[in-house]
Amino acid sequence: MKQTICLSLGCFFLLSLLDDPMNSTNIIEEYNFEQGNYQGVIRQYQDKTCSQNPLYIDNSLFQIVNAPGGRNGKAIKHHILNCDERSELVIKHGTLKVGEEYWIGWSMYLPKNYNKPGKQSYTITQQMGFNNTCWRDPNGVNCQTLIKKSDGSITPKIGSPINGLMPSVDGTKLQYHLYDYIKTDSKGRLIFEKKVFTLPAKPEQWQDFVMYLNLSSDPKQARFKLWKNGQLYVDERVRLLPPNVKSLGDWKIGAYNGEPGNGERTLYTDNLKVGNKNATFNDVSP
């Protein structure tokens, strides 16, 4: 079955995987670009760009290319210029719901000198968050999100906590920033604890990831796990969603500059799959 989906960037066809007998019913989303088309793609809207290349703009801000690094088949090339904002593939808003469990797998390839001119900020290759707005007090002045850092200090945060995977400038290590909802204080401010994990990495090699999410509202059940190349690096009881939030607003892979002027980025992604609670590590592993 095909459904026509219309977004701000136009209309496209979404292929329902559940109607394909070749796919497991435990896989709820799968992005396959081997035929060189953009069927089923949801792309992060970009409102800041200098690019005049119609392929860059019309083809979801990324291109389908032959996979680098000795891998067969196709992959997605994310390439943002210094004055561009982002190049991200998005799991559609509301797919990942509170109280449910999910398995997600994907691959990433960082070429040598993927980051020019080598600025650390805003190089995000995977991120997820539940809201992109800023919670404010009744006077609309102060953001209503506070972050508890590893040293115990509390600092305000503009916007929602964005859980994200970020490579170092030289691509030899990765950091995962993970935010755990702790409580809502007497002033209605949401308090999260920030946890940072460091993973080894190698440029010019494909790196395969598997993520497990338990989005339970019960802090004893909620959980986040992250594997890279089959090794478990993060296993935490964290509540990603605060009360009264029904789903993760987005889950994305790609390159993100934030405001234009943060440099040029090039990276590749492939094999994105999303499984439900009945899926397994092997179902989604690249």
Side-chain angles (χ1 to χ4, degrees), residues 5 7-9 12 14 27-33 38-49 56-57 59-64 75-80 84-98 100 102-110 114-115 121-133 159-167 174-179 199 207-213 215 224 226 228 234 238 240-241 245-260 262 265-275 284 286:
I5 305 295
L7 299 176
S8 57
L9 292 181
F12 57 94
L14 177 65
I27 301 299
I28 59 177
E29 297 284 352
E30 181 174 5
Y31 296 84
N32 186 334
F33 298 97
Y38 292 84
Q39 212 165 43
V41 174
I42 297 177
R43 50 274 196 203
Q44 174 68 48
Y45 179 70
Q46 173 168 278
D47 58 5
K48 307 180 185 74
T49 180
Y56 180 84
I57 298 171
N59 286 348
S60 311
L61 312 179
F62 45 66
Q63 297 178 10
I64 299 173
I76 292 298
K77 179 182 180 180
H78 305 263
H79 182 204
I80 51 178
D84 290 326
E85 183 182 3
R86 65 178 82 226
S87 171
E88 295 173 308
L89 171 62
V90 184
I91 294 173
K92 61 186 177 183
H93 185 99
T95 297
L96 307 176
K97 298 178 175 59
V98 67
E100 298 293 335
Y102 300 95
W103 291 86
I104 305 173
W106 75 98
S107 296
M108 179 187 74
Y109 180 94
L110 295 174
Y114 82 96
N115 180 341
S121 300
Y122 302 111
T123 305
I124 297 178
T125 60
Q126 182 276 322
Q127 63 172 305
M128 58 184 176
F130 57 87
N131 197 318
N132 289 324
T133 61
S160 66
I162 298 297
N163 304 278
L165 179 69
M166 290 161 277
L174 303 167
Q175 277 194 348
Y176 204 95
H177 292 190
L178 188 62
Y179 291 91
L199 293 65
Q207 300 172 82
D208 297 331
F209 297 88
V210 172
M211 177 183 290
Y212 168 77
L213 298 175
L215 299 179
F224 174 95
L226 182 67
K228 186 177 83 73
V234 186
V238 290
L240 300 176
L241 301 175
V245 174
K246 302 302 182 184
S247 68
L248 283 174
D250 51 44
W251 192 104
K252 302 179 281 190
I253 54 174
Y256 175 63
N257 253 354
E259 295 297 322
N262 281 313
R265 311 280 188 258
T266 304
L267 61 95
Y268 301 81
T269 61
D270 195 14
N271 291 339
L272 176 59
K273 292 182 181 180
V274 183
V284 302

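Please read all numbers here as calculations on a predicted model, not as lab measurements.
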Any heavy-atom pair between the side chains of [Y] and [X] that's under 4.5 Å?
X	Y	result
I91	L272	yes
F209	M108	yes
L240	L213	yes
V90	W251	no
M211	M128	yes
L165	K228	no
I104	V210	no
P167	L110	yes

For N271, side chain to side chain contact (heavy atoms under 4.5 Å, CB included) partners two or more places apart: R71, S107, P286
field: With sequence neighbours excluded, residues passing side chain to side chain contact (heavy atoms under 4.5 Å, CB included) with H177
entry: M166, Q175, Y179, K194, V196
query: Once you round to the nearest 0.5 Å, how far does OG of S87 lie from CD of Q63?
result: 9.0 Å
field: Side chain Y102, main chain K97, donor-acceptor under 3.5 Å
entry: yes
task: State whether a side-chain donor-acceptor pair under 3.5 Å links H78 with T269.
output: yes
query: Would you call the rings of F62 and F33 parallel, tilted or perpendicular, where under 30° means parallel and over 60° means perpendicular?
result: perpendicular
query: Among all residues two or more places apart in sequence or in another chain, which pass the side chain to side chain donor-acceptor pair (under 3.5 Å) test with Y176?
result: Q126
